[in-house]
Structure formats: C-alpha cells, structure tokens
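Quick note: numbers below take in every heavy atom, side chains included, and nothing from hydrogens, waters or symmetry partners. The structure displayed is predicted, hence computed values, not measured ones. Note on naming: letters A, B, ... go to the chains in the order of the sequence lines (proteins, then strands), and numbering restarts at 1 for each one.
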Amino acid sequence: MADSLLFQMLHMEMAHALCGEQEKGLGALEGVGFRVGQGLSERLTKETPSFKDELDVLKFLCKDLWITVFKKQVDNLRTNHQGTYMLQDNNFLLLSQLSNGKQYLEEAPKFLAFTCGLVKGALSNLGFDSTVTAEVPGMPSSKFQVVIQKS
Amino acid sequence: MTVHNLYLFDRNGVCLHYSEWHRKKQAGISKEEEFKLMYGMLFSMRSFVGKMSPVDMKDGFLAFQTSKYKLHYYETPSGLKVVMNTDLGVGNIRDVLHQIYSNIYVEFVVKNPLCSMSEPIQSELFRAKLDGFIRGLPFFSARAG
Amino acid sequence: MAIFSVYVVNKAGGLIYQLDHYAPRSETEKTFSFPLDLVLKLHDERVVVAFGQRDSIRVGHAVLSINGIDVNGKYTADGKEVLEYLGNPTNYPVSIRFGRPRLSSNEKLMLASMFHSLFAIGSQLSPELGSSGIEMLETDTFKLHCFQTLTGIKFVVLADPRQAGIESLLRKIYEIYSDFALKNPFYSLEMPIRCELFDQNLKLALEVAEKAGPFGPGS
Amino acid sequence: AGRGTESKKMSSELFTLTYGALVTQLCKDYENDEDVNKQLDKMGYNIGVRLIEDFLARSNVGRCHDFRETADVIAKVAFKMYLGITPSITNWSPAGDEFSLILENNPLVDFVELPDNHSSLIYSNLLCGVLRGALEMVQMAVDVKFVQDTLKGDGVTEIRMKFVKRIEDNLPAGEE
C-alpha cells in the first residue's frame with residue numbers, strides 16, 4: 001500500500017538520521033517508537049472492551065497492532081507464564097528488503113529499536129511497564145522479548 | 001532464445017550492477033573500461049538519436065541489433081539505465097526491463113536503507129532476486145545457445 | 001510510410017553523401033507577452049527551449065524566427081543576441097516561431113562520424129563471437145538501418161519504424177553506388193559523391209521502396 | 001483490523017503519528033527550532049531521492065518537461081497516491097515558474113497542537129525536503145516552502161514551489 005510505504009521510508013530515514021550521528025544512538029529512535037506505541041494503542045483500543053489479562057494484551061499486540069504497523073500478524077507468541085513473552089516475526093517488514101541471510105546482520109539493531117519502543121509504549125499505555133529487547137536469528141526474521149515488570 | 005548479460009547504470013554513469021549468464025566473447029578490456037565504454041556509448045546514443053529524429057521523441061532510443069545480438073535499453077526519468085543483451089530472436093521487452101526497475105531495483109535497493117543509490121550494489125538479496133527473475137524469463141533458456 | 005533520409009559513410013567515418021528525403025516540419029508561431037513562460041538556453045549555437053512546453057512547442061525546439069524574420073543561429077537577423085532580445089521587456093509582445101531545428105551540414109558530418117564509432121563499439125561490446133557492428137537501431141520515432149560493405153562503406157537509411165523492405169532498398173543503393181559512383185571515372189573513392197545519376201537513381205529507389213508500404217513486397 | 005478503509009485510515013494515521021513523534025523527539029534533541037527545521041528538511045530530502053523511484057515505478061509517469069505538467073503530477077498523482085489528498089494548484093507566476101499547492105488541512109498534522117514555545121518551528125518541513133529531493137532526481141532544481149499553515153492558525157496550508165533551474169545530465173568525468 002502506497003501510504004504504508006511512507007511510514008517505511010520515514011522509519012528508514014529515522015534509523016539513519018537518529019542513530020547515525022549522535023552517540024545517543026538507539027535511545028532517540030526507541031523514544032519515537034514509544035510515543036507511536038502509546039498513540040496507536042490508544043486509537044486501536046477505543047472500541048475494544050478491556051482486556052482479560054496480560055496474555056490478552058500481548059495477543060492484541062501480536063494481532064491488531066502488528067497488522068496496523070507491519071501488515072501481518074506476529075508468527076509465533078510464546079510465554080513462560082511468569083511475565084516473559086517471546087514474539088517471533090519470520091518476515092519482519094522493516095528487514096525484509098535488507099537480506100534473507102547473514103548479510104547486514106550487524107546492522108540489524110538500529111532497525112529494531114523503533115519497534116522495541118513501539119511495544120513498550122503500547123504496553124505502558126495499557127498500564128504495563130516492560131523491558132523489550134530484540135534479536136535477529138537470521139534476516140528477515142526477528143524476535144522480540146517482552147518482560148513485564150510486576151507492579 | 002538467450003539472455004547474455006545485463007548492466008545497470010546510475011545517472012552519473014556509475015555501473016551499479018553487472019551480471020552475465022551466457023557470454024562467449026569478452027570485450028578484451030578490463031571490466032571498469034567496459035562499463036565506461038558501454039555508458040559512453042549509451043550517452044552518445046541518446047544525443048545521436050535525439051538529433052537524428054525527424055520528429056519529437058517520447059521514449060527515444062529503445063534497442064539496437066548487430067548480426068549476432070540485440071541490446072535492449074530502458075531509462076527512467078530519474079536517469080537509471082537498464083541494459084540487457086539478448087539473442088536476435090527476442091522482441092520488445094520494455095515491460096520486462098521496467099519490471100526489473102520497479103519489482104527488483106526499487107524493492108531491494110531503493111527500499112534498502114543500507115544500499116547507497118550511487119555505488120555498486122552489494123546487497124546479496126538484490127542479486128538473488130535479479131538472478132531468479134532473469135532465469136525465470138521465457139526467453140532466458142540457454143538450450144538453443 | 002516514410003523514408004526520412006539516407007547517409008553514406010566511408011571507411012574513416014567521413015560522410016560522403018547525404019539526402020533528406022522527407023523531413024516533416026513541426027513549427028509553431030505564437031505571440032508572447034513578457035515574461036516568457038519558456039526557459040531558453042544556448043545549445044550548439046542555437047537558442048533552444050530547455051524547459052516548459054506550450055501547445056506544440058517542445059523542449060529541444062529552436063527559435064527559428066522573431067516577428068516573422070528568420071534568426072541566424074543565436075543571433076537575430078540584425079545581429080543582436082536572441083537571448084538578450086527576449087530578455088528585454090520593451091521588445092514585447094513578440095511573435096516567435098519555434099520548431100525542430102534542421103540539421104546543418106556540419107552537424108550531419110558530426111553525426112555520421114558519431115554513428116561510425118557507435119557502430120564499432122556495438123561490435124566490440126558484443127557478448128557473442130563474430131558480431132558485426134550496429135545493423136539496426138530502434139527508437140519510438142524512427143528505425144535506422146545500416147548495411148556495411150566488405151570494403152567498409154556504410155549505407156544508412158532512416159525510416160518510419162513500420163516501413164518494410166529496407167534490407168532490399170539498402171542492397172539497391174549499393175548497386176546504384178557501384179553503377180553510378182564507382183564506375184564513374186571522375187569519382188575518387190572515399191570522397192563526397194556528387195554524381196548526378198547517383199542522385200537521381202537513389203531518389204527513384206526511395207520512391208519505389210516507400211510505395212512498398214508497411215508490409216508490402218520488397219522491390 | 002485490516003477491514004478495507006479502516007486499515008487504510010489506520011496506516012495513514014500511523015505515518016502522521018510517527019511523524020509527530022519524530023518532531024517531538026527532534027525538539028528535545030535540538031536547542032532551537034531553526035536546527036529542527038534544517039534536520040527535517042535534510043531527512044525529507046533523503047526520503048525524496050528514494051521516494052521518487054517508487055513513484056516513477058508505480059505511476060509510469062514519463063519525463064516532465066514543463067512546470068505546469070509537473071504541478072499536475074505532484075498534486076493529482078503523487079499527493080493522492082501517498083497522502084490520499086489532492087491539493088489545488090493556484091497563484092501561478094506570470095513566467096509560469098512558481099505556483100502554490102493549497103491544502104484544506106495539513107496532512108501531517110492530525111493529532112498535533114504546536115507547543116507554544118516553538119513559534120518558529122516549521123512543523124511539516126519534512127514535506128519540503130521530500131519534494132525538493134524528489135524533483136532534483138528528475139532534473140528540476142526547485143525551492144519549496146510553507147507560506148501558510150493551518151497549524152499556525154492560517155485559513156489554509158499553502159506550499160510555494162519555485163522552479164530554479166533544470167539540472168543537465170552530466171557525462172562522467174574523463175569522457176570525450
């Protein structure tokens with residue numbers, strides 16, 4: 001879709017501009033993602049009734065939020081039922097043009113920072129504090145680990 | 001029917017990509033010189049056809065052929081030049097060259113933040129997608145060659 | 001159908017004969033008020049449109065006349081610079097005729113030698129063994145056909161893309177060349193062809209070939 | 001989600017939301033608005049030089065030889081394709097080298113009130129960079145600036161575009 005392309009292009013340029021020069025590096029990009037996550041989860045949950053539990057919120061992230069931003073659902077959600085969740089996207093939109101193997105692997109983190117912020121922001125808007133980290137087993141798949149802080 | 005080779009040039013004459021599939025004769029000069037010679041030819045060809053044309057042109061130079069091969073040419077308004085050499089049996093493949101531009105170059109170079117638009121393309125994904133696309137063309141088969 | 005022109009080029013790339021058979025005129029005269037809404041520039045000693053298209057005035061068209069008086073290259077008839085003249089508001093309104101510039105004989109010489117080198121590069125860059133130089137060149141407005149003799153003379157015909165029978169026309173021209181140029185004692189090889197009979201027979205051959213139409217029988 | 005227009009609306013909101021977050025972040029990272037404006041323009045330029053390729057590939061528009069033709073393509077094809085709106089084209093200069101794009105509302109400004117201490121911030125300056133970068137790739141050097149912005153209380157948003165010059169194809173150094 002043409003207008004989803006604008007988002008991708010903007011993300012691309014942010015990853016280049018925000019992480020390029022200053023050493024603040026990924027923090028700025030994560031900050032932008034955080035604010036977008038807050039805003040999106042606000043809009044996406046206007047009509048939905050409140051969530052049953054933590055897992056229900058994570059399912060919302062993997063479906064509604066992921067489709068809006070990445071045009072597909074998360075491929076695999078696993079949890080240890082103690083507040084740690086693993087989201088796996090086997091064809092992550094923001095990596096799919098880069099490579100489908102090892103090339104550019106070392107550059108991957110700056111293309112995941114925004115999304116870590118996005119997930120963190122969405123959760124915080126729904127009342128959950130979390131830490132989100134990401135890793136790339138091999139392009140273009142990516143894994144996001146979400147650890148919910150017990151309040 | 002055969003596809004011999006393919007060149008991609010940016011608007012300043014940098015050879016962004018070159019690959020070959022069935023090539024029996026090299027140019028007898030280094031690859032760098034060959035790219036410069038090819039680009040120089042295309043650059044002069046553009047002004048040659050522009051002056052020779054009896055009426056105003058739209059697409060301009062499309063192709064030329066010799067006794068043994070046909071060179072197909074496609075240029076975008078942004079100055080990207082796609083050049084494909086095939087055997088003489090291949091007709092108008094302008095839409096194929098446009099597909100290379102829109103489905104492969106735009107998708108895996110323009111939308112790849114780690115790909116500069118004015119240096120030779122390093123992305124392996126781009127090379128794999130291009131190679132796959134060319135091998136899948138109906139006129140690619142080398143059996144005849 | 002149309003055959004636009006014929007060029008004969010010698011071994012060294014020198015133009016030894018040129019005929020414009022059919023040169024469609026595309027000219028437009030229009031009155032402009034200041035400021036001119038076309039961007040003009042100097043190119044090859046002519047003032048041409050660099051940007052901006054109005055009605056049938058196209059980028060690349062040259063200023064041919066101002067207020068009905070033909071210009072002389074980049075100068076007006078009375079020797080003033082065209083660009084300066086058109087930059088001065090007091091000369092407005094002004095009537096300007098734009099059109100595709102005719103090729104000067106100098107330009108034709110340059111284009112012939114340009115094709116000569118393109119022809120050779122086409123062979124050098126061939127991915128196949130034993131390739132000739134460029135035999136046919138396709139554009140959206142014309143096809144250029146080239147037949148090179150074993151002695152290195154190139155016969156080049158520019159025609160409408162759908163014009164058929166050009167291969168046999170080229171052979172016909174080669175015959176006329178050997179009959180009326182080579183066999184003419186006053187003609188020295190590789191020099192410009194100024195033989196009346198060559199001219200007449202060539203024009204006749206073009207008429208015949210044109211009537212063959214898009215897919216008519218080769219003459 | 002993903003129900004036809006709903007998802008289309010959502011993904012254009014995604015862009016405006018992301019853009020808003022970017023501007024907020026830049027306002028934090030840079031001391032003064034002037035630097036933020038410059039950074040937005042630079043980022044826009046980098047997007048424009050790539051976006052033009054996607055646009056040309058998708059729209060099959062040929063070379064533009066005329067500024068009126070360019071204005072139509074920008075307003076009726078490009079804006080429609082990427083932002084879903086069609087600005088009107090007005091205020092042509094006599095020489096036909098300047099025009100304005102008038103937008104009822106600013107497409108980048110869905111959820112934003114300009115914070116008061118940022119009066120000299122040009123919120124949508126990225127758009128100017130995008131247009132400038134894109135047109136430069138098709139050999140047109142242009143100046144682009146906001147002369148009115150609904151975000152600043154003006155009635156409409158007006159983007160002024162001025163043709164500077166045509167960029168000639170250059171032969172690579174060392175060629176004949």
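- Within a 6.0 Å radius of NZ in B:Lys25, more than 12 heavy atoms belonging to other residues, nucleotides or ligands are found.
- With a 4.5 Å cut-off on non-hydrogen atoms, C:Asp44 touches chain B through its side chain but not through its backbone.
- Only the side chain of C:Leu103 comes within contact range of chain B, judged by heavy atoms closer than 4.5 Å.
- Residues C:Tyr177 and C:Phe155 bring their aromatic ring centres within 6.0 Å.
- Ring geometry, B:Tyr7 versus B:Phe35: the interplanar angle exceeds 60°, so the pair is classed perpendicular (tilted spans 30 to 60°).
- Between B:Glu34 and C:Gln124 there is no side-chain heavy-atom pair separated by less than 4.5 Å.
- At distances below 3.5 Å, not a single donor-acceptor pair connects side-chain atoms of C:Gln18 with backbone N or O atoms of C:Ile16.
- Checked by atom type and distance alone, the side chain of C:Gln53 pairs as donor or acceptor with a backbone atom of C:Val59 at under 3.5 Å.
- Top candidate by heavy-atom pairs under 4.5 Å with chain B, chosen from C:Ser131, C:Ser5, C:Ser123, C:Gly133, is C:Ser131.
- A donor-acceptor pair under 3.5 Å links the side-chain atoms of B:Glu33 to the main chain of B:Ser30, judged by distance alone.
- Neither the backbone nor the side chain of C:Phe119 has a heavy atom closer than 4.5 Å to any heavy atom of chain B.
- Proximity to chain B involves both the backbone and the side chain of C:Leu125, based on heavy atoms less than 4.5 angstrom apart.
- Aromatic ring centroids of B:His22 and B:Phe140 lie under 6.0 Å apart.
- Within residues 55-94 of chain B, the residues having any heavy atom less than 4.5 Å from a heavy atom of chain C are, in residue-number order, B:Val55, B:Asp56, B:Met57, B:Lys58, B:Asp59, B:Gly60, B:Phe61, B:Leu62, B:Ala63, B:Phe64, B:Gln65, B:Thr66, B:Ser67, B:Lys68, B:Tyr69, B:Lys70, B:Asn85.
- The most heavy-atom pairs under 4.5 Å with chain B, out of C:Ser26, C:Gly130, C:Ala23, C:Gly60, come from C:Gly130.
- Counting heavy-atom pairs closer than 4.5 Å to chain B, the top-ranked of the candidates C:Met114, C:Lys108, C:Arg102 is C:Met114.
- Looking only at atom types and distance, the side chain of C:Ser132 has no donor-acceptor partner in the side chain of C:Gln148 under 3.5 Å away.
- Although no hydrogens or angles enter the test, the distance criterion places a donor-acceptor pair under 3.5 Å between the side chain of C:Ser178 and the main chain of C:Tyr174.
- If you tally non-hydrogen atom pairs under 4.5 Å between each of C:His61, C:Met110, C:Glu107 and chain B, the highest count goes to C:His61.
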